[in-house]
Amino acid sequence: MSALDQLREAIRHGAHRITGTGTRMGFLPQWQGSALDVTGMTGIVQHDVDDQVVEVWAGTPVLELQAALRSHGQCLPFATDEELPQVVRGDYGTVGGLLAMALPHALVAQCGGPRDWTLGMTVVRTDGTVAKSGSKAVKSVAGYDAHKLFIGSRGSLGVIAKAVLRTY
């Protein structure tokens, strides 16, 4: 059974709080139900260096993705810990958490936020349905950008499984 199928079955069988590395749990209300850990869904699915597009599993740690992108001279556009004052340093968590929380970052005025970098997404909705939205093209005419509804939704609409991101 694939990781996506396991996620789908887990969601279908009960309400869960989605957890990754736990870095943003303080922004969410208290939860008494079971936890759904997505940290096993990690890794880069596809990285097109020339088009500056990467498809990645949502459980991938952001710092791990940044390191992989850096080896190709690319990155997600936010300041690294070395460039930030000690007061605002910290763990960035997972890609899914970064998108689901959509918190501001140090370079948001210059580079935009997660909504601006996200080209597509595979999500598992709360009823267990797998849905895909967007594409790997920066200028897409595929219709509505339904994946952008999930950015900042804090897991209330479903679980982000994979994301297609534009790199810089």
Side-chain angles (χ1 to χ4, degrees), residues 1-29 31 33-49 52-72 74-78 80-81 89-105 113-136 145-168:
M1 184 180 279
S2 73
L4 193 58
D5 290 334
Q6 290 175 351
L7 179 62
R8 187 174 166 210
E9 287 302 311
I11 290 172
R12 205 184 273 165
H13 288 88
H16 298 282
R17 163 165 268 174
I18 307 149
T19 61
T21 57
T23 57
R24 306 288 189 262
M25 298 305 277
F27 290 97
L28 298 172
W31 178 263
S34 59
L36 179 59
D37 185 5
V38 295
T39 56
M41 299 173 54
T42 63
I44 295 174
V45 177
Q46 182 180 2
H47 182 199
D48 191 339
V49 178
Q52 293 181 292
V53 173
V54 64
E55 183 177 11
V56 63
W57 285 101
T60 305
V62 172
L63 295 177
E64 186 179 299
L65 175 60
Q66 289 285 58
L69 293 173
R70 194 175 303 117
S71 68
H72 297 284
Q74 297 178 359
C75 68
L76 293 180
F78 55 85
T80 61
D81 277 350
R89 292 185 185 182
D91 184 4
Y92 292 102
T94 63
V95 171
L98 177 77
L99 299 176
M101 297 304 287
L103 297 173
H105 59 88
R115 279 181 62 91
D116 302 311
W117 322 326
T118 307
L119 302 175
M121 205 178 277
T122 301
V123 297
V124 180
R125 296 186 346 202
T126 55
D127 65 352
T129 305
V130 176
K132 295 180 183 179
S133 174
S135 70
K136 293 179 182 147
D145 287 342
H147 56 276
K148 293 196 178 184
L149 291 171
F150 288 84
I151 299 171
S153 72
R154 300 182 182 205
S156 62
L157 300 176
V159 180
I160 299 169
K162 282 192 275 188
V164 179
L165 305 170
R166 182 177 55 175
T167 62
Y168 291 83

Are Q74 and Y168 packed together at the side-chain level, in the sense that at least one heavy-atom pair is separated by less than 4.5 angstrom? no
Does any part of the side chain of V164, heavy atoms only, come nearer than 4.5 Å to the side chain of H147, both counted from C-beta? no
Report yes if the side chains of V45 and V56 come closer than 4.5 Å at any heavy-atom pair, otherwise no. no
Taking the side chain as every heavy atom from C-beta outward, state whether V62 and T94 have any atom pair closer than 4.5 Å. no
Quick one, V53 and L119 - any side-chain contact, counting heavy atoms below 4.5 Å? yes
Beyond-backbone contact of L65 with L165, side-chain heavy atoms, under 4.5 angstrom: yes
Distance check, rounded to the nearest 0.5 Å: S153 atom OG versus K148 atom NZ? 14.5 Å
Would you say H47 and E55 are linked by a side-chain donor-acceptor pair, where the criterion is simply a distance under 3.5 Å? no
Within the distance-only criterion (no hydrogens, no angle test), does the side chain of R166 pair as donor or acceptor with the backbone N or O of D116 below 3.5 angstrom? yes
M41 vs T60 side-chain heavy atoms within contact, under 4.5 Å: no
Contact summary for I151 and P114, nearest pair of heavy atoms: CD1-O, 4.0 Å
Non-hydrogen atoms of A163 and L99 that approach each other most closely: CB-CD1, 3.5 Å
All heavy atoms of T42 vs all of W57, minimum pair found to be O-CD1, 3.6 Å
Criterion side-chain contact (heavy atoms from CB on, under 4.5 Å) on V54 and D48, from CA distance to verdict: CA-CA 6 Å; V54 64; D48 191 339; over 6 Å; no
CH2 of W117 to CG of L98: how many Å apart, nearest 0.5 Å? 5.0 Å
Just so I know, are the side chains of I160 and M121 near enough to count as touching, which here means a heavy-atom distance under 4.5 Å? yes
